[in-house]
Amino acid sequence: MCKLRYLLCIILLLARYHLSAQNIFVDVQKGSDLNPGSQDAPLATLTKAMEHARVINKNENVTIKVLPGLYVLNDKVTIDKPNTEEAWLTIEAAIMPDDADWTPTQMPVIQSISSNNSTTQFPHAIGLLIATGHVSIRGLKFLGNPNPNVKYYYPINREDSTLTGLNVSQCYFIGEKNSAPIQGSIWAHGAATHVDHCIFFGIKNALLLFKGIKDFSLTYSIISGAYEAAVWYGPFNHPFIFQNNIVADSEYLWLRQENTFPKYEFSDCLFTGLKHYMGYYAGNGAVPAERNGHTERNVGKTGKLLLSEVGVNGLPKDYLNPISGSEGTQLRAGIFKKTAR
């Protein structure tokens, strides 16, 4: 009798777990939007995956598993499943960079070809519109938007400053200003935006943070070739974490509001090859800031960032990560988390 009760308890616990966490699978190459979204019968698009996610109880964790392939967005994908602080919606690669069998070609690629699909503040295009709290995005590669009618493209955007909880981890943001630009990789109002182990390459701005910003962190990330600024930051009302990052070969490290002298803290970072350091936006463009109030701890400002890039043999496994002999390798910034342990 005791064994029977024990087995019944195990069955009930497993059933409870199944009800509290659900996976939806998406495979652009083999899936169909007529499928149920199971591992054996995946969906084909992120839009259809979100339709499935919306009907799942807000108290349940939902993970959208994205299989390898090129996901072309003809319009924005609105992420609006109601979530609780305990139950998150996660959109992640089915094979993550730290998995033993991961290769660069297995990373899902998200590329918008949409025309302007938002007029909030000004006409622009969005890839993923985060319209709910407690969302995590992991292991995806975002490319720029080549649509010639789009001047401003933002792969990840959160417009509502009352929202909280946005985690972006182990993602690439790769732009090409002459053909497929990214105006800002992550444009996020609101609280609790945490970005780690991401690589921003050839984008205009990496992070745009303005309204309701608190509990923000950027860690173990690389920003290379930002041709306006690594970060635009609004009013400084709350401290944040900015550590183990590399910002290199960019126009500005930081742009802030004019006539403000906030007490930021940067620690364990490399800032090298910058045309300007701190600045603010005034009128028609950015202006270097001669007076600053921030503090630095273990911040290097010399040396050259050397990245692993595409060669005759195609994508190296560690592409756009620092190579041996590069300045900043000791910071362990880059797409792989295991190297930071």
Side-chain angles (χ1 to χ4, degrees), residues 18-84 87-96 105-118 120 124-147 150 153-160 163 165-173 180 185-188:
H18 177 73
L19 289 173
S20 64
Q22 296 198 33
N23 291 332
I24 300 170
F25 290 85
V26 185
D27 187 339
V28 70
Q29 301 181 83
K30 300 178 181 178
S32 168
D33 280 349
L34 299 178
N35 285 342
S38 64
Q39 187 169 6
D40 295 331
L43 300 166
T45 67
L46 293 173
T47 299
K48 183 58 70 170
M50 276 310 307
E51 290 182 15
H52 283 239
R54 288 186 192 106
V55 301
I56 297 173
N57 189 291
K58 68 179 182 179
N59 295 315
E60 298 183 52
N61 289 306
V62 176
T63 300
I64 297 175
K65 295 278 191 178
V66 188
L67 279 87
L70 174 61
Y71 293 80
V72 177
L73 307 183
N74 294 298
D75 198 355
K76 63 178 176 286
V77 178
T78 301
I79 313 300
D80 59 356
K81 176 195 177 296
N83 302 310
T84 65
W88 284 57
L89 170 69
T90 299
I91 303 172
E92 69 177 16
I95 305 171
M96 290 292 293
T105 57
Q106 293 171 313
M107 196 172 212
V109 177
I110 312 296
Q111 181 165 41
S112 172
I113 60 171
S114 171
S115 291
N116 293 324
N117 53 37
S118 176
T120 301
H124 58 274
I126 297 168
L128 304 184
L129 175 62
I130 311 301
T132 188
H134 304 104
V135 174
S136 181
I137 299 170
R138 304 175 64 240
L140 306 180
K141 183 203 292 187
F142 294 89
L143 301 183
N145 186 329
N147 190 317
V150 171
Y153 171 57
Y154 307 92
I156 298 176
N157 176 229
R158 186 173 65 184
E159 297 177 344
D160 188 344
L163 294 176
L166 173 60
N167 294 342
V168 183
S169 182
Q170 293 186 279
C171 290
Y172 283 99
F173 298 86
S185 301
I186 302 172
W187 180 14

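Reckoned from all heavy atoms, side chains included, excluding hydrogens, waters and symmetry mates. Counting begins at 1 with the first residue of the sequence. Since this is a predicted model, take the numbers as computed values, not measurements.
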Any heavy-atom pair between the side chains of [Y] and [X] that's under 4.5 Å?
{"X": "Phe25", "Y": "Asp27", "value": "no"}
{"X": "Asn157", "Y": "Trp187", "value": "yes"}
{"X": "Ile110", "Y": "Leu46", "value": "yes"}
{"X": "Pro155", "Y": "Leu128", "value": "no"}
{"X": "Val150", "Y": "Asn116", "value": "yes"}
{"X": "Ser115", "Y": "Asn147", "value": "yes"}
{"X": "Tyr71", "Y": "Val77", "value": "no"}
{"X": "Ile91", "Y": "Val66", "value": "yes"}

Locate the shortest heavy-atom distance separating [X] from [Y]; write the atom from each residue and the value.
{"X": "Gly144", "Y": "Gln111", "value": "O-NE2, 3.0 Å"}
{"X": "Ser118", "Y": "Ile126", "value": "CB-CD1, 3.7 Å"}
{"X": "Val26", "Y": "Ala49", "value": "CG2-CB, 3.6 Å"}
{"X": "Val62", "Y": "Ala53", "value": "CG1-CB, 4.2 Å"}
{"X": "Gln170", "Y": "Met107", "value": "O-CE, 3.5 Å"}
{"X": "Gly139", "Y": "Ala93", "value": "O-CB, 3.2 Å"}

Can you give the donor-acceptor pairs under 3.5 Å from side chains of residues 32-39 to other protein atoms, not counting sequence neighbours?
| residue | atom | partner | partner atom | Å |
| --- | --- | --- | --- | --- |
| Ser32 | OG | Leu34 | N | 3.1 |
| Asp33 | OD1 | Ala44 | N | 3.0 |
| Asp33 | OD1 | Thr45 | N | 3.2 |
| Asp33 | OD1 | Thr45 | OG1 | 3.3 |
| Asp33 | OD2 | Thr45 | OG1 | 2.9 |
| Asn35 | ND2 | Pro42 | O | 2.8 |
| Ser38 | OG | Ala41 | N | 3.1 |

Where the side chain of Asn167 meets the backbone of Gly165, is there a donor-acceptor pair that is under 3.5 Å apart?
-> no

Would you find a donor on one side and an acceptor on the other, under 3.5 Å apart, between the side chain of Ser112 and the backbone of Ser114?
-> yes

Out of curiosity, [X] [atom1] to [Y] [atom2], how far, rounded to the nearest 0.5 Å?
{"X": "Leu166", "Y": "Ile79", "atom1": "CG", "atom2": "CD1", "answer": "10.5 Å"}
{"X": "Arg138", "Y": "Cys171", "atom1": "CZ", "atom2": "SG", "answer": "9.0 Å"}
{"X": "Glu159", "Y": "Ile130", "atom1": "CD", "atom2": "CD1", "answer": "10.5 Å"}
{"X": "Asn59", "Y": "Ile56", "atom1": "CG", "atom2": "CD1", "answer": "12.5 Å"}
{"X": "Gln22", "Y": "Ile64", "atom1": "CD", "atom2": "CD1", "answer": "11.5 Å"}
{"X": "Tyr172", "Y": "Leu140", "atom1": "OH", "atom2": "CG", "answer": "12.5 Å"}

Does the side chain to side chain contact (heavy atoms under 4.5 Å, CB included) test come out yes or no for Phe142 and Ser185, once each step is laid out?
-> CA-CA 8 Å; Phe142 294 89; Ser185 301; over 6 Å; no

May I have the step-by-step check of side chain to side chain contact (heavy atoms under 4.5 Å, CB included) for Leu70 and Val28, ending in yes or no?
-> CA-CA 7 Å; Leu70 174 61; Val28 70; 5.7 Å; no

side-chain contact (heavy atoms from CB on, under 4.5 Å), paired with Leu89, selected from Glu60, His134, Arg54, Met50 | Met50

